Amino acid sequence: MSQHGSSYEEVYRWSIEQPEAFWAEQAKAIDWQRAPERILDDSHPPFRRWFVGGTTNLCHNAVDRHLEARGDQLALVAVSTETDLTRELTYRQLHREVSAAAAVLQSLDVGVGDRVVIYMPNIAEAVVAMLACARIGAIHSVVFGGFAAHNLALRIDDARPKLLICADAGMRGGKLVRYKPLVDAALAEAAHAPPKVLIVDRGLDPGLERVAGRDLDYAELVARHADAEVPVAWLESNAPSYLLYTSGTTGRPKGVQRDVGGHAVAMALSMRTVYDVGPGQVMFSTSDVGWAVGHSYNVYGPLIVGATSLLYEGLPTSPDAGIWWSLCAKYRVRTMFSSPTGIRVLKKHDAAWLRKYDLSALRWLFLAGEPLDEPTARWINDGLGKPVIDNYWQTETGWPVLCLLPGLDLKPAKFGSPGLPNLGFNLRVIDEATGRDAGPNEKGVLVIQPPLPPGCLSTVWNDDKRFLSSYFSHFKELLYSSLDWAVRDGDGYTYILGRTDDVINVAGHRLGTREIEEIVSGHAAVAEAAVVGTTDELKGQVPVVFATLRAAGDEAARDAAARGMAERVTAQLGAVARPARIYIVDALPKTRSGKLLRRSLAAISEHRDPGDLSTLDDPNALEEIKRALARGP
Ligand code: ATP
Ligand code: MG
């Protein structure tokens, strides 16, 4: 990687010590209409601007620039086991569809800087809509399909879109989820409802109703613009490209604002170094396009490097628990990306599914989004016989913060750690009390020393104050933190111990709920566990465990499992960490993106108000917890 050497250590040092030179080199991986005048403007920290004065376009980099060399190569494969439909689009076909969609947007008076809310299932049309916005310089804001009307209304009011694009319906496990009534309800609630709604009618909802004068049919309009040529809008590198709200695990979601040039450069770099995917190769991310992973590694990352992106609508277990692997075999997937939650779902099924298909093309499985517990990591690692790599990142960062870089110089993985700082991320672990750097193996808060590298958020949409107060106000020094608790070992591997609010204090001992979860999950009978602290008169706080089992057993089996969990914790962390109560439940409350809602669990186990539940996936899971609490451990 240039005269600076090719080992991870050398390249990383270059990226931190000479960021302008490093990023000037990386910027060559994308097309610029006008080259940047300045690589970094850091004159108003913590705001910073990358590739100042350069003009580029995400759609051009993701689609147009590949037409000549790989127009007939697959760009996007969208598989749905819900509708049993597969759409395969070459770069040329994608270009055609995106151009037509962009012309439709322009005909609806959408232009540079206008927001467009996209509320769609995980289908090709969602990707086309995103790219069409990017093409004309409109700012897309994808809201995960299936979020309740109220969540959608909140995001609409924050983004104030000129247009909303939705589908008639989605499907989940064979069940119809009608989107349009949710859109109608959201628009009725919102103070800033857009004047027009564009509906992709999949023909799933026979009762689909249209509001005259407001609701338009996507297919009809696209047909009218089928041959349209829409030139890309060249944008200054720091113009907003899209908004995306965080998962809302800790409270009201924040509207992360991404730029154009920095995002494109970070995508190109990470596809090569982190994900080891290049032109003509296939990446399968099981994420929904509504999440950060979906934006970065289902859409922009793979397309910017000329790879093929595989998009999947459906459950990981339908028609059977081998579906992901059968797709990997069919499309010769090289790199797969999923989440620990997804793997834990598979773990309830026979590991033989992992060996049923020809996975000779598959090189890597990446997992991100939440702690990867060792039992889950080992199960999938042994079952697949492929390297499993944990990535730590955030919606805000848009690409990995902690990772291993098999495309550059693969360091050995250590279970429980997402690895080493990614290129460009100057990471520190800070002692909360003193504000000083924690030593090796000392716990602290993970922070990024500004400037944030390209690809990370520019600000919180319309709310610079919240950008500062949410991320930069925790320490005397100007440091970015989303308040994750971490420890770095002597080799520089960082372990994420949970969020700082997930730390509990038992009789003066600070314990990460994550550490206890890890140990409890190691019990053979346990599928998944959540640990929260509840107040205790004597000790201040005590750990309480909620766990689901791999197989529903009788009462004796459940008791034995609970005893086994308690013994493991005592043996490994000491009696101080011994769970005060263990509840065996059928489901744990999670956000729509699959994250445990520990704050709500903690609240209801103390009979407090569970707080903002707008991102809760399945309300039954919380009811189930309440019933378990009433029954007793
Ligand atoms: P909100 O910020 O709205 O409360 P959120 O933090 O869950 O929600 P995301 O951006 O989806 O929103 O998640 C990022 C967080 O997920 C990280 O800050 C971290 O707490 C957790 N996380 C992500 N990847 C990992 C990982 N590999 N190991 C441990 N934790 C992880
Ligand atoms: Mg967060």
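Counting starts at 1 for both ligands and their atoms, following the listed order. Model, not experiment: these values are computed from the prediction.
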Proximal atoms of ligand 1 relative to S482 (non-hydrogen, under 4.0 Å):
18 (O)
How does E370 reach ligand 1, if at all, at less than 4.0 Å between non-hydrogen atoms: by side chain, backbone, both, or neither?
backbone
Salt bridge present between D617 and R592 (N-O < 4.0 angstrom)
yes
Atoms in ligand 1 flagged as close to W393, the criterion being non-hydrogen separation under 4.0 Å
14 (C), 17 (C), 23 (C), 24 (N)
Looking at the rings of F366 and W393, which for Trp means the six-membered one, are their centres under 6.0 Å apart?
no
If you measure from each non-hydrogen atom of N391 to ligand 1, which part falls under 4.0 Å: side chain, backbone, both or neither?
backbone
At a 4.0 Å threshold, what atoms of ligand 1 neighbour a non-hydrogen atom of T395?
9 (P), 10 (O), 11 (O)
Is the W461-Y242 ring centre distance short of 6.0 angstrom?
no
F147 meets the ring pair (Phe, Tyr, Trp, His ring centres under 6.0 Å) criterion, sequence neighbours left out, with F144
Which residue from E396, R514, R499, R599 reaches closest to atom 15 (C) of ligand 1 through any of its heavy atoms?
R499
Under 4.0 Å to a heavy atom of K254 - the qualifying atoms of ligand 1, by number:
2 (O)
Short list, please: which atoms of ligand 1 are under 4.0 Å from a heavy atom of D484?
17 (C), 18 (O), 19 (C), 20 (O)
Is there at least one pair of N or O atoms, one from P418 and one from ligand 1, spaced under 3.5 Å apart?
no
Any atoms of ligand 1 less than 4.0 Å from a non-hydrogen atom of K595? List them with their elements.
7 (O), 9 (P), 11 (O), 13 (O), 14 (C), 15 (C), 16 (O)
Between R550 and E528, does any NZ, NE, NH1 or NH2 come within less than 4.0 Å of an OD or OE carboxylate oxygen?
no
Under the ring-ring contact (aromatic ring centres under 6.0 Å, His included) criterion, do H263 and Y300 qualify, and how do the steps go?
CA-CA 9 Å; H263 177 54; Y300 291 113; 5.4 Å; yes
I'd like to know if D409 and K411 make a salt bridge, using a cut-off of under 4.0 Å between side-chain N and carboxylate O.
yes
With backbone taken as N, CA, C and O and side chain as the heavy atoms from C-beta onward, which portion of Q394 lies under 4.0 Å from ligand 1: side chain, backbone, both, or neither?
both
By number and element, which atoms of ligand 1 are closer than 4.0 Å to a non-hydrogen atom of I496?
29 (C), 30 (N)
Are the aromatic rings of F337 and Y275 close, with centres under 6.0 Å apart?
yes
